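Structure first, commentary second.
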Amino acid sequence: MEENLVIVESPAKAKTIERFLGKEFLVKSSYGHIRDLAKKNLGIDIDNGYRPHYIVSPDKKKVVSELKKLAGSAKTVWLASDEDREGEAIAWHLAEVLALDPEKTRRIVFHEITKEAIQEAIKKPRGINRDLVNAQQARRILDRLVGFELSPILWKKIQPSLSAGRVQSVAVRLLVEREREIMQFRPTSSFRVTAQFTFTDSKAKEHVLNAECPTRFSTLEEAGNFLESCRKARFTVTDVSSKPAKKSPAPPFTTSTLQQEAGRKLGFSVSQTMSVAQRLYEAGKITYMRTDSVSLSQMALGVARKTITGEFGEKYIKTRQYKTRSKGAQEAHEAIRPTYLDQKTIQGTQTEKKLYELIWKRTIASQMSDAELEKTTVQIGISGSSEKFTATGEILKFDGFLKVYRESSEEEEEARHLLPPVNKGQVLDPRQIVATEKFTQHPPRYTEASLVKKLEELGIGRPSTYAPTISTIQQRGYVVKEDRPGTSREYRVLTLKEQQVQSETRTEMTGSEKSKLFPADIGMLVTDFLVEHFADILNYNFTATVEEQFDEIARGKLDWQQMIDRFYDHFHRKVTETLEQSEKKTGERFLGHDPVSGEPVTVKIGPYGPMAQMGESGGENKPRFASMMKNQRIETITLEEALRLFKLPREVGKYEGKEVTAGIGRYGPYLKYDGKFYSLNRKTDDPLSVNIERAIEVIREKTEKDKKKVITEFEEDPNLKILNGRWGPYIKYGKDNFRIPRDRVPEELTFQDCKEIIRKGKSTGKKKS
DNA sequence: CAGTGAGCGAGCTTCCGCTTGACTT
C-alpha cells in the first residue's frame, strides 16, 4: 500500500511526476473531468436554484472505481489538477465522487513540472477553492442552458439535428458576415507606376535601381499623362537617407499560434496539428500542447541560454519573459516548448519531426537577440513634374533571431535587397517605366487557423476546444472547407520604353482560394435566425461579458445562482416567445417566373437540404422540386441556373438495351440503371451534361467493386452474408453487423461458424449512452 | 458502406471543456 496518492489530469504528466516524487507516492490520472451534467432533461433543476445533476461519465467509470480503491487505502490524497477554473472543479468532483475525507485530502498546484516545483507544492497544500468551483459550475450550467434550449428551437423552426451554442454559433457568424462582406465587395482599380533606372559609377560599372512612384493614378488617362510627362524628363537623385530598424522575435507557441504557424508553414489542419502534438507530448518530447500561456520556466530559460551560446555564440542571447495579451487566458501551463531544448531534432515520423523542429526554432528564437537592420530610402526627382520616385532597400546588419526563425508573415515579404551605391545628385537613365492596373482585394476568407486566431482574440473558446469547434461547425454542415478556382480578369498596362508609350491588355487569375472556410446556406440561415431572435448571445462580446461575471464569482463577490438566474430569466422568456411566435424559416428566395409555364421559381432549404421549387404548393398544379447542386448558394443562384435543375432526372442513353438516367439525389449526383443507383463524382461529373460513355464507365466500375464486396453468401439464409466493408471483412445479419475474430479467416467461415459468432458477439452497432 | 426523396407513426438530435484511447458500418 502506498502512503500517498497524487491525482493529476493527464497520464503523461503522472508518469513524469512519479519519477520526481519517489516511492511513497503513487501518481494517477483522472483523464480530465470525471463527471458531467446528465444529458436527460437538461441535467439542471431550474426550480431548485439551478441545482446541477451530475453523473459520472460512462467512459470514466473504470478510472473512478480504480481511484476510489486507491484513495481508500492511501493515507493522504493529493489533488494536483491544474490551477485554473476547470482544474479546481476537477479536484472538487474528485473529492465528492471518491468521498474523500477532508482530513486526509490536500489540494496542491504547481506551475512547472520540475522536482523542485513539485516538492515545493507538497509543502504548501491548501483547501479546495469553492468560489473558483462555483465559477466553473456557472460556466458549465450557462453553456448547457444556452445549448440545450437553443438547439431544439432550430430543430423545430429549421431542420432536425442542428445545434447552437455560445462558441460555435459565434464562430459561424464570423464566417457568414465575412462572406457577406465579400459578396458586397466591388473592386476598384488604380495604376501603380514602377521604374527601372540605370547609372554608371565612377569606375564605369553599370547599376540598376528599381523604384516606385508613391502616387496611385486612378484612371488610365492620368497614368498615361504621367508617363507622357516622363518621356523627355530628367531623373535626378534628390535625397538618400538611412535609418536603423529592429525586429524582435515572436513569443513561444500557444495552442492557437502553433495551429496558425503549422497551418501556414507545414500545411497542417488544426486537428492534424493537435494530434501530432499529442503524440510528441506523450513521448515526452514537448510540454503540454493545450495552453494559452507564452511563459517559459526558469529551467527552460537556462537551457535556452546554454543552447544558444553553444550553437550561435554569446551575442545571440537575449533572455525574455513574455506576457500573454489574449483575453481570458488562464495560464495553467507553460508555453508549448521542447522538453529538452538542447535537442534540436528528434526520432519519429516526418510530421512529428517537422512539428518538433518548428517548436524548437520558435522557442529558441524567442530567447535570441533582435535583428538589426538598416533601411535606406532614395528619392528621385522628375524634371518638370511635382511627382517623384522612391526606392527603398534594407540591409541586415545583424541577423539575431532571424538565424533560426521567421514568422510566415515575414517570409512572405518581398526579399528586399541591397540598393546600389547611389549619391545625391546622381543622374539616372530610365530604362523603362511601367504603369500597371491594380485592383483592390476583398477581405480575406478565414482558414481554420485564422478563425481560431479570431476566436482567441475575442476570448471565445479555450485551447482544448479550438480544434473540436472547427470540426463541429463543419460536421453540422454550417461550413465547408474547400478550394475554389479563380476567374481570369483583364488588366491594362502602359509601358514607356525608348521614349515610346505602349498600351496593352493582359490577363491574370484572381480570387482562387485554397483550404478556406465557406459558410453553407444552412449556416447563413441559422445565423440570421439566431441573430434575429438572440442577438445578445450571438454578440461578439457575450463571452467576454459573462467571463467578467465568472471572475466575480471566483473572487467571491457574486453568487453564482443569482448570476445564472438573472441571465436565464430573460433568456428563457425569449426562448418561449420564439417557439410560439416565429415562423418556420426556410430562407426562401424568389428568383422569377419560368418562361415556359409562367410558374414562380423559388429556392429554399428543404427537408433534405437546399432545393428549388417551381409552382406554388396548394396551387392548381403540384409544384415540382429539384435539389440544388453542391456549389450553388441560395443567396447567389440565378433563375437560369435554377431552371436547368428541373431538367433532371434526364435520359443519358441506353446501355445493353436498358435506359440510363442521371439525377441529383440526397447523396449527390447519381445515375440510375436497371433499377440500381450509381453515384457520380461530385466534383468532376455534371449530371446535366454527362454522356453515355462516361455513364457506362461509372456503372462498370461500381459493378466491379460490388463483386469484390461479397465474400460469401449462404443458401441457408439470404439474410446472412460475409462482406468487405470500410474496415475490412464483417458479417452482416439482417440489419446488424458483427466483427470477425482476428484469428479467423473470413473466406473460410461456414454458415455454422457465422451463427456461432453472431450468438457470442454482440452487435458492434449502436452504442448506448 | 448504403441509402436516392418532399411531413402519420416514435423517439432522437443538442452545449462547452477537461482528457485519451477504442474502434467505428
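Reminder, nothing fancy here: chain letters follow the sequence lines and each chain counts from 1. A quick note: this is a predicted structure, and the numbers were derived from the prediction, not measured.
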Please report the distance separating the [atom1] of [N] from the corresponding atom of [M], rounded so that it comes out in whole Å.
{"N": "B:dA22", "M": "B:dC18", "atom1": "P", "answer": "24 Å"}
{"N": "B:dG3", "M": "B:dC23", "atom1": "P", "answer": "27 Å"}
{"N": "B:dC1", "M": "B:dT24", "atom1": "P", "answer": "16 Å"}
{"N": "B:dA6", "M": "B:dA2", "atom1": "P", "answer": "23 Å"}
{"N": "B:dG17", "M": "B:dG21", "atom1": "P", "answer": "23 Å"}
{"N": "B:dC8", "M": "B:dT19", "atom1": "P", "answer": "46 Å"}

| message | Which residues pass the side chain to side chain contact (heavy atoms under 4.5 Å, CB included) test with A:Lys658, not counting sequence neighbours? | response | A:Tyr673, A:Asp674

| request: Return yes if a side-chain donor-acceptor contact under 3.5 Å exists between A:Arg476 and A:Ser161, otherwise no. | output: no

| query | Is it true that the side chains of A:Tyr540 and A:Glu457 contain a donor and an acceptor less than 3.5 Å apart? | reply | no

| remark: Result for side chain to side chain contact (heavy atoms under 4.5 Å, CB included) between A:Leu162 and one of A:Leu525, A:Leu154, A:Ile153 points to A:Leu154

Less than 4.0 Å between a side-chain N and a carboxylate O, is that true for [Y] and [X]?
{"X": "A:Glu66", "Y": "A:Lys28", "result": "yes"}
{"X": "A:Arg290", "Y": "A:Asp82", "result": "no"}
{"X": "A:Glu149", "Y": "A:Lys574", "result": "no"}

| message | At under 4.0 Å between heavy atoms, how does the protein contact nucleotides 14-20 of chain B? Give one character per nucleotide, 5' to 3', with B, S or -. | response | BBBBBBS

| query | Given atom CZ of A:Arg279 and atom C1' of B:dG21, what is their separation to the nearest angstrom? | reply | 13 Å

| What residues, two or more places apart in sequence or in another chain, satisfy ring-ring contact (aromatic ring centres under 6.0 Å, His included) together with A:Phe110? | none

| query | If you look only at pairs with a residue in residues 131-154 of chain A, which of them pass as a ring-ring contact (aromatic ring centres under 6.0 Å, His included), with sequence neighbours excluded? | reply | none

| Is the A:Phe571 ring parallel, tilted or perpendicular to the A:Phe534 ring (thresholds 30°, 60°)? | tilted

| request: Please work out which of the three classes, parallel, tilted or perpendicular, describes the rings of A:His33 and A:His93, given edges at 30° and 60°. | output: perpendicular

| field | Dot-bracket encoding of pairs in DNA chain B, which uses [ ] for pseudoknotted crossings and | for another strand, Watson-Crick or G-U under 3.5 angstrom | value | .........................

Table of protein N/O atoms under 3.5 Å from nucleotides 6-8 of chain B N/O atoms:
none

